[in-house]
Colleague: 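Pasting a structure here, questions to come.
These numbers come from a predicted model, not from an experiment. Order of the sequence lines sets the chain letters (A, B, ...), proteins ahead of strands, with each chain counted from 1. The figures here come from the full heavy-atom set of this structure, side chains too, leaving out hydrogens, waters and symmetry mates.
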Amino acid sequence: MNKIKYIYKTLLKEYGKQNWWPTILSLDKEGLSLPKKLTQSVCVYDNKNYSYPKTEKQKFEICLGAILTQGTNWVAVEKSLINLSKLNVINPNKILRINEEQLKEAIKPSGYYNQKAKYIVEFTNFFIKLNARTPTREELLSVKGIGKETADSILLYAYKQPVFVIDAYTRKLFGFSKNIEYDKIRIKFEKALPKDYRIYNEYHALIVAKGKSNKNLFAKQTKGNL
DNA sequence: AGCCAGGCTACCG
DNA sequence: CGGTAGCATGGC
């Protein structure tokens with residue numbers, strides 16, 4: 001067994017299945033009326049058999065989350081998503097109908113709100129044009145505001161495509177320095193694992209769980225030499 | 001009081 | 001090319 005697989009099994013044993021992507025769509029009204037200070041995730045993890053997402057609306061929420069979480073902690077993203085949900089605009093056609101100021105206000109908690117509002121509008125137009133078709137990676141990357149990690153998160157978690165997501169935690173945990181190309185690392189993981197979106201889904205989620213726990217990093221053992 | 005959080009773009013040499 | 005400033009909020 002290669003190191004990448006071994007570490008996967010170790011993480012799975014330590015943290016258990018993560019059932020990503022977290023979503024607020026299945027929260028009831030009570031779940032949406034939260035205290036001002038939200039300090040931990042209230043998202044529902046409802047992907048036990050990897051059947052999620054099914055509807056376009058669910059896919060759209062995942063895409064919004066992927067954009068909103070750029071450089072931002074996830075709980076802040078949930079606040080923004082809850083704001084959008086209260087406005088009843090987690091829906092591509094509806095979100096274009098509110099003005100940009102309202103959109104900015106709603107997503108303020110997750111930071112960079114001027115940029116992200118523009119990114120969301122651009123992406124939403126793109127999403128509508130897809131007309132329920134699965135986008136290619138190149139198409140996603142051509143949208144302003146969608147970089148490699150965001151594109152791959154969307155492909156993997158919204159469209160169940162077998163693309164491994166590389167993020168800051170992956171680099172930190174495995175000891176890949178910043179100047180190592182994103183795609184090089186991605187291909188390394190993809191080659192070491194069965195081409196199965198369910199495994200990529202779990203593995204990236206486990207890396208985030210490990211990264212958040214911020215302990216027992218194994219960068220020293222691997223130093224990027226996987 | 002600083003540091004950090006599931007990045008991306010634009011621009012620099 | 002590789003490297004980095006700027007973008008912004010909130011919790012610790």
Colleague: Is there a donor-acceptor pair closer than 3.5 Å between any side-chain N or O of A/Ser85 and the backbone N or O of A/Leu81?
Modeller: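 The answer is no, because no donor-acceptor pair under 3.5 Å joins these two groups.
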Colleague: State whether A/Tyr113 and A/Lys104 meet the cation-pi test: NZ (Lys) or CZ (Arg) under 6.0 Å from the six-membered ring centroid, and within 45° of the perpendicular axis.
Modeller: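 No; the conditions do not both hold, so A/Lys104 does not lie above the ring face of A/Tyr113.
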Colleague: Is the A/Trp21 to A/Trp74 ring centre distance short of 6.0 Å?
Modeller: yes
Colleague: Pairs under 3.5 angstrom, nitrogen or oxygen only, protein versus nucleotides 7-10 of chain B, please.
Modeller:
{"residue": "B/dG7", "atom": "OP2", "partner": "A/Gly71", "partner atom": "N", "Å": "3.4"}
{"residue": "B/dG7", "atom": "O5'", "partner": "A/Gly71", "partner atom": "N", "Å": "3.4"}
{"residue": "B/dG7", "atom": "O4'", "partner": "A/Gly71", "partner atom": "N", "Å": "3.3"}
{"residue": "B/dG7", "atom": "O3'", "partner": "A/Thr150", "partner atom": "OG1", "Å": "3.4"}
{"residue": "B/dC8", "atom": "OP1", "partner": "A/Gly147", "partner atom": "N", "Å": "3.1"}
{"residue": "B/dC8", "atom": "OP1", "partner": "A/Gly147", "partner atom": "O", "Å": "3.2"}
{"residue": "B/dC8", "atom": "OP1", "partner": "A/Lys148", "partner atom": "N", "Å": "3.4"}
{"residue": "B/dC8", "atom": "OP1", "partner": "A/Glu149", "partner atom": "N", "Å": "3.4"}
{"residue": "B/dC8", "atom": "OP1", "partner": "A/Thr150", "partner atom": "N", "Å": "3.0"}
{"residue": "B/dC8", "atom": "OP1", "partner": "A/Thr150", "partner atom": "OG1", "Å": "2.8"}
{"residue": "B/dT9", "atom": "OP1", "partner": "A/Gly145", "partner atom": "N", "Å": "3.0"}
{"residue": "B/dA10", "atom": "OP1", "partner": "A/Lys144", "partner atom": "NZ", "Å": "3.4"}

Colleague: Check the distance between C/dG11's P and A/Asn73's CG and give it to me in whole angstrom.
Modeller: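 To the nearest whole Å, that distance equals 9 Å.
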Colleague: Report the distance from atom CG of A/Asn114 to atom C1' of C/dT9, rounded to the nearest whole Å.
Modeller: 12 Å
Colleague: Quick one: stems involving DNA chain B, counted as three or more successive Watson-Crick or G-U pairs, both distances short of 3.5 Å.
Modeller: B:2-5 with C:9-12, B:7-13 with C:1-7
Colleague: From the set C/dT9, C/dG11, B/dA5, return the single nucleotide nearest to any side-chain atom of A/Lys172.
Modeller: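 Closest of the options to the side chain of A/Lys172: B/dA5.
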Colleague: For the pair made of CG in A/Leu68 and P in C/dA8, what is the distance, rounded to whole Å?
Modeller: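 Computing the A/Leu68:CG to C/dA8:P distance gives 13 Å.
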Colleague: Rounded to the Å, how far apart are A/Lys118 NZ and C/dG6 C1'?
Modeller: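 Checked: the NZ to C1' distance equals 14 Å.
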Colleague: Could you check whether any side-chain heavy atom of A/Asn19 comes within less than 4.5 Å of a side-chain heavy atom of A/Tyr52, counting everything from C-beta outward?
Modeller: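 Contact flag for A/Asn19/A/Tyr52 side chains = no.
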Colleague: Can a salt bridge be assigned to the pair A/Lys188 and A/Asp183 using a cut-off of 4.0 Å between side-chain N and carboxylate O?
Modeller: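 No, this pair does not count.
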Colleague: Of the non-hydrogen atoms in A/Ala151 and A/Leu140, which two are nearest, and what is the gap between them?
Modeller: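 That would be O-CD1, 3.7 Å.
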Colleague: Within residues 176-196 of chain A, which residues have any heavy atom lying less than 4.0 Å from an atom of DNA chain B?
Modeller: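 When residues 176-196 of chain A is checked for heavy atoms under 4.0 Å from DNA chain B, there are no hits whatsoever.
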Colleague: C/dT9 C1' sits how many Å from A/Leu38 CG, rounded?
Modeller: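 Atom-to-atom, A/Leu38 to C/dT9, this comes out as 14 Å.
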Colleague: For A/Trp74 and C/dG11, what is the distance between atoms CH2 and C1' respectively, to the nearest whole Å?
Modeller: 17 Å
Colleague: Expressed as a whole number of Å, how far does the P atom of B/dA1 sit from that of C/dA8?
Modeller: 24 Å
Colleague: For A/Glu14, is there an ion pair with A/Lys210 - N to carboxylate O distance below 4.0 angstrom?
Modeller: yes
Colleague: Send over the distance from A/Lys116 NZ to C/dG10 P, rounded to a whole Å.
Modeller: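 For the pair A/Lys116 NZ and C/dG10 P, the rounded distance is 12 Å.
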Colleague: At what distance, to the nearest 0.5 angstrom, does NZ of A/Lys191 lie from CG of A/Asn2?
Modeller: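 The NZ atom of A/Lys191 sits 12.5 Å away from the CG atom of A/Asn2.
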Colleague: For A/Lys108 and C/dC7, what is the distance between atoms NZ and P respectively, to the nearest whole Å?
Modeller: 15 Å
Colleague: Quick one: is A/Lys79 getting a side-chain N or O under 4.0 Å of the C/dG11 phosphate, OP1 or OP2?
Modeller: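 A/Lys79 to C/dG11 OP1/OP2: side-chain N or O found under 4.0 Å.
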Colleague: Could you check whether A/Lys118 pairs with A/Glu122 (Lys NZ or Arg NE/NH1/NH2 to Asp/Glu carboxylate O, under 4.0 Å)?
Modeller: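 No.
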Colleague: Answer yes or no: is there a donor N or O on one side and an acceptor on the other, between the side chain of A/Asp152 and the main chain of A/Val165, under 3.5 Å?
Modeller: no
Colleague: Crowded around A/Tyr6 OH? As in, over 12 foreign heavy atoms under 6.0 Å?
Modeller: no
